Each structure stands twice: as structure tokens, then as C-alpha cells.
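Here the structure comes first, spelled out in C-alpha cells, and everything after it is commentary.
Small disclaimer: the values here were computed from a predicted structure and weren't measured.
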Amino acid sequence: MTLPNLERDVPLAPLTTLGIGGPARYFVRVTTVDELRAALDWSKAPTFILGGGSNLLVSDNGFDGLVIQIDLRGITVESEDETAMVKVAAGEPWDAFVRFAVHNGWAGIECLSGIPGLTGATPIQNVGAYGQDVSETIARVEALDRNDGIVKWLTNADCRFAYRSSLFKNVERDRYVILSVTFRLKRNGSATIRYPELLKEIGSRTDLQSARDAVIAIRKRKGMVLDPNDPDTRSDGSFFMNPIVTASIADSLPEMPKFPSDGGSVKLSAAWLIEHAGFEKGFVHGRAGISTKHTLALINRGGASARELLELVRLIQSRVRDTFGIELQPEPNFIGF
């Protein structure tokens with residue numbers, strides 16, 4: 001069997017927000033479920049499903065297999081009463097959908113404005129920011145089960161959402177390819193303002209557009225909104241997850257920002273840990289570095305290799321571990337290593 005759109009030796013760096021990585025041995029872009037099935041059936045080599053490339057570190061050697069880029073499109077309003085049930089194809093750009101939801105007065109994802117990538121990736125990472133997680137509004141996920149080739153619907157509970165985690169990221173990492181996500185959003189709702197930083201920015205306003213504008217303004221100041229003219233945005237956004245520790249471990253740590261988390265655990269600030277382990281904004285490691293705006297963002301300063309960025313990751317992890325006894329976990333997926 002042949003794939004009509006199959007390409008060879010396609011550079012992956014331009015398809016990622018970091019701009020790092022070697023080529024894919026084979027590459028195909030799919031726009032339908034049938035094309036996706038054909039691509040999966042064609043390849044006996046390893047396969048990788050690519051979305052918007054906003055949460056990836058690709059090795060300098062690239063990927064020795066088939067990269068399938070998902071380009072399924074469409075937004076369908078399934079029902080509207082007190083809530084709006086909206087089905088969004090996996091290939092729809094995430095921020096464009098957030099803008100669409102805000103314009104229609106649908107509340108629940110306004111604080112997730114400005115996040116790059118595609119909608120199909122949001123359940124995998126349980127994307128969150130400024131007090132909202134995408135899992136709060138996901139009603140169900142449509143996915144192709146690679147074990148039997150059948151399209152299945154998974155409920156919110158089926159997805160096993162946790163902090164920056166899900167069934168798709170951990171338990172069944174390579175089993176499902178997400179096709180669409182259906183959201184349950186509140187019609188004519190007010191913005192959810194939980195973070196002090198956001199409250200300070202937005203003031204007394206509670207409308208969705210003001211919340212979106214405020215979130216984007218904050219993210220821009222931190223270099224977290226893609227801008228080809230700003231090298232600080234050549235990143236994966238927040239590279240490390242905020243550590244979750246037990247209350248007893250938190251009590252044993254020195255004075256630092258600590259936030260209640262699920263089950264009596266405590267969330268720490270990865271940015272604070274990095275800064276107080278001796279890394280300043282703008283720290284340079286070869287052609288890689290730390291953003292001048294935000295210590296959680298590791299950047300490609302221009303022509304950086306995956307090796308250089310990985311050296312910086314390990315340097316930060318090592319120093320935070322030695323200073324505080326805390327292990328920082330990267331948020332992006334590492335491909336081809």
C-alpha cells in the first residue's frame with residue numbers, strides 16, 4: 001500500500017515552537033479518520049502523532065519512523081441550553097477555539113487563552129493556566145483505538161485526569177489518537193478569576209473578553225505568547241511542572257511559595273525553586289538558555305541543538321535537587337531520544 005501524501009526526510013524543527021530537532025524519516029499530514037487509519041496501517045516503523053509542536057523536544061537525529069501530523073478540522077455546536085456542548089476537531093488551533101468561545105459567551109476556558117498548539121493535545125497534558133484546567137470542561141473525547149482500529153468515546157472519568165496528566169499521557173500513552181474533544185461550557189457565564197496575578201490585572205471586571213485580554217497581556221510579558229520577533233517565545237512555554245509533595249515534605253522545606261493541592265498534598269513553585277537554586281532570567285547555556293522574562297521557559301536562542309537544551313535541563317534539575325531535595329519533572333514530550 002502507498003500513501004499519496006507521504007514525504008521523506010522532513011525537517012521537524014520548523015514544526016515545533018522550540019525550533020529544535022532533526023528530520024522525520026517519513027512524514028504524512030492527515031485530514032480524515034480514513035487517512036489516519038491508512039497511515040497507521042502503512043507503517044511498520046515507529047510512529048509519532050504530531051499536533052502543533054508546542055510541547056516537544058525533538059532529538060538532533062530526528063525521528064526514525066513515521067510522523068503523522070493531525071489536521072482534522074471543524075467546530076460543531078451540538079446543543080445549547082444552560083450549557084453549550086461543542087465538539088472541536090483535534091486539528092483546530094486551541095487559542096482560536098478559546099477566542100470563539102469567548103466571543104459566544106461560553107465560559108470555562110477563558111483563562112487558557114494564548115496557549116499554543118492544537119485542541120486535540122489539550123486532554124493529553126490536561127492543559128491548565130491561571131486557575132483553570134481543561135479537564136473541568138471536557139465532556140468526552142473521541143479517539144481512535146490503535147489496538148483494534150475502532151473509534152471510541154471516552155468520558156471525562158475515563159480520561160483519568162490529574163495535574164498535567166491523563167490516561168493518554170501515562171497509562172495508555174501510545175494506544176489512542178485523539179480525533180475530537182467535546183466541551184461543556186457555561187452559557188452567559190462570568191470569568192473564573194482565581195489567581196492573584198490575574199485579579200490584579202483584571203480588577204473588578206468579570207466578563208470573558210476582559211479575562212482573555214488580561215491573560216494574554218500577562219502571558220506576553222512572560223514571553224508565553226508566540227511572537228516571531230521575540231526570541232523569548234521560541235520555547236515550549238513552562239518546561240517544568242510545579243512539583244507536588246506531601247505535607248510533611250513541604251513542612252521540612254524552607255520558607256517558599258506553597259499552595260494546597262488535591263488530597264492534602266502541597267504544590268511548590270518550580271519557577272521559585274529554579275531561581276533560588278541560582279538560575280537567573282536570561283541564563284545562557286551555549287545557544288540555549290532561560291527566557292529573560294520567565295525562569296520556567298527554556299529557549300532556543302538561535303540554532304540551539306537538542307543536546308544543548310537537554311544539558312541545560314539536567315543542570316537545572318541537578319542544582320534544584322542538590323539545593324532543595326526536589327526533583328523537577330519536564331512537561332514536554334521527548335521524541336527520538
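Side-chain contact between Arg221 and Glu201 is present, with heavy atoms from C-beta onward closer than 4.5 Å. Two residues are said to be in side-chain contact when any heavy atoms from C-beta on lie closer than 4.5 Å; Trp94 and Ser54 fail this criterion. Inter-residue side-chain proximity for Leu154 and Phe168 is flagged as met; some heavy-atom pair is nearer than 4.5 Å. Between Asp133 and Ser135 the shortest side-chain heavy-atom distance falls below 4.5 Å. Looking at Tyr26 and Thr47, their side chains never come closer than 4.5 Å, going by heavy atoms from C-beta outward. With a 4.5 Å cut-off on side-chain heavy atoms, Glu275 and Lys281 count as touching. Counting only heavy atoms from C-beta outward, the side chains of Leu273 and Ile326 approach each other to under 4.5 Å. Put simply, the side chain of Val177 reaches to within 4.5 Å of the side chain of Arg146, judged on heavy atoms.
Across Gly149 and Leu144, no two heavy atoms sit closer than the pair O-CD1, 3.4 Å. Listed here is the closest heavy atom pair of Cys111 and Gln132: N-OE1, 2.9 Å. The minimum heavy-atom distance between Asn333 and Arg173, with the atom names listed, is OD1-NH2, 3.2 Å. Ala271 approaches His294 most closely through the heavy-atom pair CB-CE1, 4.3 Å. Nearest heavy-atom pair across Gln317 and Pro330 is NE2-CD, 3.6 Å. Annotation for Phe48 and Leu56: closest pair CZ-CD2, 3.5 Å, computed over non-hydrogen atoms.
Rounding to the nearest 0.5 Å places CG of Leu310 at 11.5 Å from CG of Leu315.
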Stepwise, does the side chain to side chain contact (heavy atoms under 4.5 Å, CB included) test hold for Arg219 with Ile115? CA-CA 9 Å; Arg219 290 181 65 87; Ile115 295 174; 3.8 Å; yes
Given the rule in the side-chain hydrogen bond (donor to acceptor under 3.5 Å, both in side chains) test, do Glu311 and His285 qualify, once you have shown the distances and angles that lead to the verdict? CA-CA 8 Å; Glu311 287 172 353; His285 180 76; 2.8 Å; yes
Test side-chain hydrogen bond (donor to acceptor under 3.5 Å, both in side chains) on Asp213 and Ser210; report intermediate values, then the result. CA-CA 5 Å; Asp213 293 343; Ser210 292; 5.5 Å; no
Before giving the answer on side chain to side chain contact (heavy atoms under 4.5 Å, CB included), spell out for Tyr163 and Met241 the whole-Å C-alpha distance, their side-chain angles and the decisive distance to 0.1 Å. CA-CA 9 Å; Tyr163 174 66; Met241 294 185 283; 4.2 Å; yes
Apply side-chain hydrogen bond (donor to acceptor under 3.5 Å, both in side chains) to Asp207 and Ser190, showing your working. CA-CA 6 Å; Asp207 63 285; Ser190 297; over 6 Å; no
Output, in order, the C-alpha distance, side-chain angles, deciding distance and verdict of side chain to side chain contact (heavy atoms under 4.5 Å, CB included) for Thr192 and Glu110. CA-CA 8 Å; Thr192 300; Glu110 59 280 353; 3.8 Å; yes
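In this structure Asp158 satisfies the salt bridge (charged side-chain N to carboxylate O under 4.0 Å, His left out) test with no other residue, sequence neighbours excluded.
At a cut-off of 3.5 Å, with distance as the only test, no side-chain donor of Ser248 or Asp251 sits close to an acceptor on the other residue. In this structure, a donor-acceptor pair under 3.5 Å is absent between the side chains of Ser166 and Asn126.
Using a distance-only test at 3.5 Å, with no hydrogens or angles considered, a donor-acceptor pair links the side chain of Glu308 to the main chain of Ser305. Of the possible polar contacts, none joining the Arg37 side chain to the Ile150 backbone as a donor-acceptor pair under 3.5 Å is found. Within the 3.5 Å criterion, the main-chain N or O of Thr292 finds a donor-acceptor partner in the side chain of Asp232.
Under the 4.5 Å side-chain contact rule for hydrophobic residues, Val127 and Ile109 share a cluster.
Within 6.0 Å of CD in Glu327 there are more than 12 heavy atoms belonging to other residues, nucleotides or ligands. Taking a 6.0 Å sphere around CG of Asp262, one finds it holds 12 or fewer heavy atoms contributed by other residues, nucleotides or ligands. By the neighbour-count criterion of 12 heavy atoms within 6.0 Å, atom NZ of Lys220 is sparsely surrounded, having that number or fewer from other residues, nucleotides or ligands.
Classification of the Phe283-Phe279 ring pair by plane angle, with boundaries at 30° and 60°, yields perpendicular.
In this structure, the ring of Trp272 has its center less than 6.0 angstrom from the ring center of Phe324. Ring centroids of Phe100 and Trp106 are separated by less than 6.0 Å, placing the two rings close together.
Here Val215 sits in one hydrophobic cluster together with Tyr130, Ile193, Tyr195, Leu198, Leu199, Ile202, Ile218; the rule is ILVMFWY side chains under 4.5 Å apart, joined directly or through other members.
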